[in-house]
Structure formats: structure tokens, C-alpha cells
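Below is one structure; the comments refer to it alone.
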2 protein chains.
Amino acid sequence: MKKQVQHTIKDIAATLGLSISTVSRALNDHPHISQSTKQRVREAVEKLDYRHNALAASLRNSRSNMIGLIAPRITMYFQSTVITAIQHKLHEYGYNLMVCQSNDSPAIEKELVGVMYASRVDGLIVSSTLYTEDFSHFDIFNRANIPLVFYDRVPHNYPAHKIQGDDYQGGYQTTRHLLEQGARKIAYITGPLSCKLYRDRYEGYQEALREFDMTPDESLMFCHELNKKNAQLTCKALFAEGGLPDAVFAGNDTTAVAVVQCAKAKGISVPQQLKVTGYSNDSRTEIIEPPITSVEQFPYEVGVQAATLMLELLEQKTNHSQNHISLITPIELVIRRSSRL
Amino acid sequence: MKKQVQHTIKDIAATLGLSISTVSRALNDHPHISQSTKQRVREAVEKLDYRHNALAASLRNSRSNMIGLIAPRITMYFQSTVITAIQHKLHEYGYNLMVCQSNDSPAIEKELVGVMYASRVDGLIVSSTLYTEDFSHFDIFNRANIPLVFYDRVPHNYPAHKIQGDDYQGGYQTTRHLLEQGARKIAYITGPLSCKLYRDRYEGYQEALREFDMTPDESLMFCHELNKKNAQLTCKALFAEGGLPDAVFAGNDTTAVAVVQCAKAKGISVPQQLKVTGYSNDSRTEIIEPPITSVEQFPYEVGVQAATLMLELLEQKTNHSQNHISLITPIELVIRRSSRL
DNA sequence: ATAATTCCTGCAATCGTTTGCAAAGAAAGT
DNA sequence: ACTTTCTTTGCAAACGATTGCAGGAATTAT
């Protein structure tokens, strides 16, 4: 078992009788190095199978070409699509992306922020947990003047760059649509209101009701993490009581799907007796029977925007903490049979 | 705008009148350092808001605590679940995971391997592209004796540790089930056979046919990347011809869903006239009408296995390239109405 | 009081790059 | 022949941590 040496520029310098500075410059295509030397270096690199050590370079340059990303979970369609877009865009510009999941735990999120900082990422892109209300663990990035961009799950009162879908419009248009279809008893299933996007949506919902001279019915409001299990519990409560609602505004598609299935199981016809809408327009909405009305958020575009903003911030070496950019990306209500008579 | 200094252990040493070595040891809880000194260091860290520089430490230690992962795309349910499992497991043991996507492009994959190596990851976990046949770009990891683990899309003839679902059984059991349900003209839609797992599945399929004294019908075999668009094209071809098949073995759920929808659009009844099976058991299979029979691969368990193996390899500092571990994880055929009369 | 231990702490080298500055040699201008 | 300019290279100091070795102080043994 031969001890495998990791060759360094020092070895290249030695074999060629050059100094390491010359080799370094040759590798970086520095103009002061002659073509012939560059060629010799290239050959030696090939021969010795030399590999650049990014750690050493990053340390010296205080620049890692690495962008960190913290998402609650990558298994969600919206999230993985945004991340893919970000990765593609950043890759174009020579940056690498380091993806981590907070698992919707503020404690893990906090830890990951530390890890990212320790790795000296050049920028950080975040979609926070559902429960993050104190954003002070992000302070280090602001203090060190390292670009920090939030998307989707953005903070409310924290100074940072933000990209979010138009959740107010999402809530408004969806509700308005349900009202126009004749619904008057709308059950509202939302994620935790500690999360700004759910608050925004709720405001849109309220505004639409107001236009119909209505107010939210507290007894029809359900607030919990939007997974299948919770959705089923809510359905149970919802369909057990005497007065059935005539519509359900579900905070995501997983919930909407569960509602539709539960309704079918109970013999409640959708959309005749119950109208249902989801959110995110994931691939399940169009294959279920009936297909579910949902809000398209254009995740790929959100990702491109986030990456573009990050790249701009990386470019301008000035102090970014001055005027924070806050972008609202458009959404589109995709109306399907689950809500249309 | 105050110039923000990044504090180092040097600064801590200076404020406390200690040497940097003492500070370093205190931070690492070295036994030779007195409790009182450790306490003072801890306070200074707090006060100066010192942050560990993982780059510098990694360079010195030649150990980054970072594991690289290259997946074809994280938007696939199976992939994102495996990755999540891996991340959770590694995190338990103090490792971080750096996730990148090859986008099913061998060229990008090759580039990413270089990037991972340059970042001096302590290990690399890979699910290769559909088209990777030459795996020599992974040689550097083997030569440098850095743990390399493949999952799902594993190489055929390349020496490495591998974890894969039991695709042979998946192919066999699914086919056998279709035959037992009376199907005799089975269309077989598979991903590129350059990918080992599709070959394994195909062998299982052949074996099942053999047991029924049948041989594959070349005219019913379709081989292409398994996305929605391709599936629709194949359906067109499949349903246009005179003699309809009585079953479709689809290589993934996206394809199976497309087949079912296409059949419905053509007025072909599933499962009466056409039986359909998918692969991966993603959430769409159980909500479509009729629900689709599919193969559960237990992605979370696959991820745990991959991470566990990686951790073991990291532990033993010996030469791992000797006996390569090759694990086959169990699958389970989940039978639903799409294939059962 | 001297020697042997134990407990802490510091010196200085090291990891693999990058880069400001200096300088050597060649070419060109006067 | 002498200065000036240009091209190409090397020296050495960083970047921020870790660690083997040495040594000073305090404690205990002889």
C-alpha cells in the first residue's frame, strides 16, 4: 500500500526548478508568466496529478466561492425547485452551493448559521423555519457584511434582503374566487402565523372577505403545521360537526389533497358540496380527481431571482446593509374543478 | 461604516495576555489547560464575538468534517428523501453535507467531483447520472484513499462501495404480479440501460417472463429518460397501434401517472383493459384514480445505510479500497387498483 | 534543601495557497 | 556605453488555526 502523497504546487515547483510563486501565477494564468512556463506547468500538473486545494486558497483569499443555503426541508416540491434554480444560476458564475436543512427547527437553523459562517461562505441564502421569530443568529452575517438573502420564509422585522411570492395576492385571489363561486362558509387551514407568509396570506383572505362584507369565522380557522397527519385530524373535526363548510382554503397542496380524499371518503362531493383550494400547485393537484385549484408560485423563477440578487450583492463590495431589497414575485391562481361548478 | 474585523484566536490571546496555542487548546477543551483559563477564554470569545474559522482548521488538520454528495437531481422524491436521511445521520456525528446536482450530465458530474476534491471533503457520496459509463473521474478519491460510496445509481464495473435497492426483485416481482393478473402483452418502459439499476430490473423482468415461458417483446420495449414528456410520446405510439398491450411496466411513477392519464383520455379502462405499474411509490401513486401499483424503495433507510457506511469508512483509517461493500436493500411491491382486477 | 512529578503555558513550525515587492536579464532608446 | 523599459521570476510574508516539544511554576517526595 503506497502512501499516497497529495501533490502541491511545491512539488510542481520542485520538479520544474521553479519557485512556488511562479507556479501559482502560472496556474492562475497571470499575465507576467511566459507562455512556455505556463505550458511546462500545465504538463507537470498533468503528470503529477496535482489538484488545487480550495481550502488553502480560500484561507489566503478570504473568499471561498461557496454560497450557503439553509432550507427547512428539501423534500418539498417548491423548495427543491427553488434550490435547483439557485444552484444552476450560481454555478454559471463559478460559485458552489452548500445546502443544509433546518428541518423546521430553529435550534438546528441557528447551529447551521454558525456552521456556514465557520466555513466562511461568501453569502448565505435562507428560507427560515416556520417558528423562527428571533432572527438575531443571522446578525453575524450582517455585521461581517456578508450578503444575506431570504426567500419564501422571510423575516418580518429583520433587516435583510427578501424575495417572496405574493402571498397577499395568493390569499386574496383564492378567497375571492371561492366567494365568487358562491362559497360563504370558508374553512381556513393555515400554517403557523409566526411565519410571515401565512400572515400575508391571511390578510389577503380578510380583504377578500371584506369586499363581500364578511368577516373571518374563528370557528372555521385551523392553524397548524401543514402535513398530512394534521390535515386528517382537521378534516375529522371539520366534517364531524353539524354545519359543514362549503369551502376549504388549504395552506398547501398536501393539506388540500388530504381534504379532498377525506371528503370523498365521507361521501361529500367536491366541488358541489365542498370547494377546495391548495397552494403551490405541485404535481399532485392536477392528477387527483377532481383536480385541485392551487396557486402557482413559479419556484424556478424565485430561485433565479434569489441567485441573481445574491450575485449582485457579491459583486458590489460596498456595504449592503444600507437599503435592503424586498422583491415580491407574482403568483397565479390556477383554477381547476375542485372549486369550480 | 466601521470596518468590521474578523476576530481570531490571536485577538483573544492578545486581550487575555495568553499565547495563541493556549487559546487554541482552551477552545478545544484540551486537558492540559486549567479550568480558570478556559473560563477566561470563553468569556473573551463571547465578548469579542470570536468565530471559529473552519477553513484554517481544515487546512491544518487535513480534515474538513465535510462530506460531499452528488445527486442527479434533488427534485425527485426518492433522491430528496435519501439525502435528507443522509444529512440527518451525518449531522448526528458532527459532519456536514455539501449537496450538489449533476443534472444528469456526466460533464457536470465530472466537474463536481473536481470541486468536491478541491474542497477536500472527507468523503463523497454519489448517485451518478443516467449516462455515466466511464467512472474514471472518481479515481482521485480512490487514489487518495478518501471514502467513496455510491447509492441507487451505482457503477457496474467500478470498484467502490455501493448501496442499491433490490432492482432485480423490483423488476421480477412487478412483472410476476402483472403476469399473475393475466397480463400477457406487457409494454416495458425503462430508463437508459447504460444505468445499472435499469439493467438489473430488466433482468428481473426477463426472469419472470421466463417462468411463464415467455420472452420479451422487442416491439413493446421503450427506452428513454423517464420524464412526463417522453412518457406522453411513448403513450401516443403505444396506443396508436392496432394491438393494445394489456399492461404497462413503467420505470418510474411520473411515467406511470402519464400512462394512466393518457389511457383515461383515450377511454381505455385501467385496470380492466390495461394494467399499469410504476416505480418508487411516490405520493402521487396513491391519490390518482385508480391508485397505481408501485415499488416502495424505502429511501429513508437507503439514506441511513449510506450514511452509516460512510461513517464506518471514515472511522477506520485503513485502506478501504480492499474489500468493497455492496449492499442490496429490500423493496416492497405495493399493489393497488391500477393492476388488480 | 534537592530531586522528581505534575500541571500549565509558550515557542515555533506547519498546512497549501496568494501576492507585494524586489530584482535579474533582455531589449530598446539615446 | 549607459540609462530606461519591459518581461519574467523569486523571496518571504501573510491567511488562522493546531500541535510536538520544551520549559517554568507549583507540588510532593526523599
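Only heavy atoms go into these numbers, but all of them, side chains included; no hydrogens, no water, no symmetry mates. Throughout, a chain's letter reflects where its sequence line sits, starting with A, and its residues are numbered from 1.
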Is the base of dC8(C) touched by the side chain of S34(B) through a donor-acceptor pair closer than 3.5 angstrom?
no
We want to know whether S102(B) and S105(B) form a side-chain donor-acceptor pair, criterion being a heavy-atom distance below 3.5 angstrom.
no
Result for 5'-nearest mapping on DNA chain C, choosing between K38(B) and S24(A), is K38(B)
Of dT9(D), dT9(C), dT19(D), the nucleotide closest to the side chain of H32(A) is dT9(D)
Look at the side chain of T22(A) and decide which nucleotide, out of dT9(D), dT17(C), dT18(C), has an atom nearest to it.
dT9(D)
Distance-only donor-acceptor test (3.5 Å): side chain S21(A), base dC11(D):
yes
Nucleotide dG16(D), atom C1' - distance to CZ of R120(A) in whole Å:
9 Å
With the side chain defined as heavy atoms from C-beta on, A57(A) is closest, among dG16(C), dT17(C), dA17(D), to dT17(C)
Rounding to a whole Å, what distance do you find between N61(A):CG and dC15(C):P?
19 Å
Whole Å only: how far is the CD atom of Q35(A) from the P atom of dT8(D)?
9 Å
Set out, in order, the CA-CA distance, both residues' side-chain angles and the distance that settles salt bridge (Lys or Arg N to Asp or Glu O under 4.0 Å) for D104(B) and R153(B), then state yes or no.
CA-CA 11 Å; D104(B) 266 323; R153(B) 310 260 195 92; 3.1 Å; yes
Do R60(B) and dT18(D) have a side chain to base donor-acceptor pair shorter than 3.5 Å?
yes
Quick one: K10(A) NZ to dT18(C) C1', roughly how many Å, whole number?
15 Å
Is any side-chain heavy atom of L97(A) less than 4.5 Å from a side-chain heavy atom of I83(A)?
yes
Which word best sums up how the rings of Y300(A) and H88(A) line up, parallel for under 30°, tilted for 30 to 60°, or perpendicular for over 60°?
tilted
With a 3.5 Å distance limit and no angle check, can you tell me whether S127(A) reaches the backbone of Y151(A) through a side-chain donor-acceptor pair?
yes
Quantified as the angle between the terminal helix axes (five pairs each), what is the overall bend of the helix from dA1(C)-dT30(D) to dT30(C)-dA1(D) to 10 degrees?
60°
Which whole-number value in Å describes the distance from L55(B) CG to dT18(C) P?
14 Å
Do any side-chain nitrogens or oxygens of S19(A) fall under 4.0 Å of OP1 or OP2 in dG10(D)?
yes
Rounded interatomic separation in angstrom, taking CG from L27(B) and P from dT18(D):
7 Å
When you measure from the side chain of N28(A), which nucleotide among dT19(C), dT18(C), dG16(C) comes out closest?
dT18(C)
Parallel, tilted or perpendicular, as decided by the 30° and 60° cut-offs, for the rings of H32(A) and H30(A)
perpendicular
Nucleotide nearest R25(A) (side chain, heavy atoms from C-beta), chosen from dG10(C), dC21(C), dG16(D)
dC21(C)
Ignoring hydrogens and geometry beyond distance, is a side-chain donor-acceptor pair present between N53(B) and Y117(A) at under 3.5 Å?
no
I9(B) has an atom CD1; how far is it from atom P of dC15(D), in whole Å?
13 Å
Please figure out whether I20(B) or H52(A) has its closest DNA chain C nucleotide nearer the 5' end.
I20(B)
Distance in Å, M310(A) CE paired with I163(A) CD1, rounded so as to fall on 0.5 Å steps:
9.5 Å
Can you check the Y117(A) OH to dG16(D) P distance for me, whole Å?
10 Å
It should be established whether T37(A) places a side-chain nitrogen or oxygen under 4.0 Å from OP1 or OP2 of nucleotide dT9(D).
yes
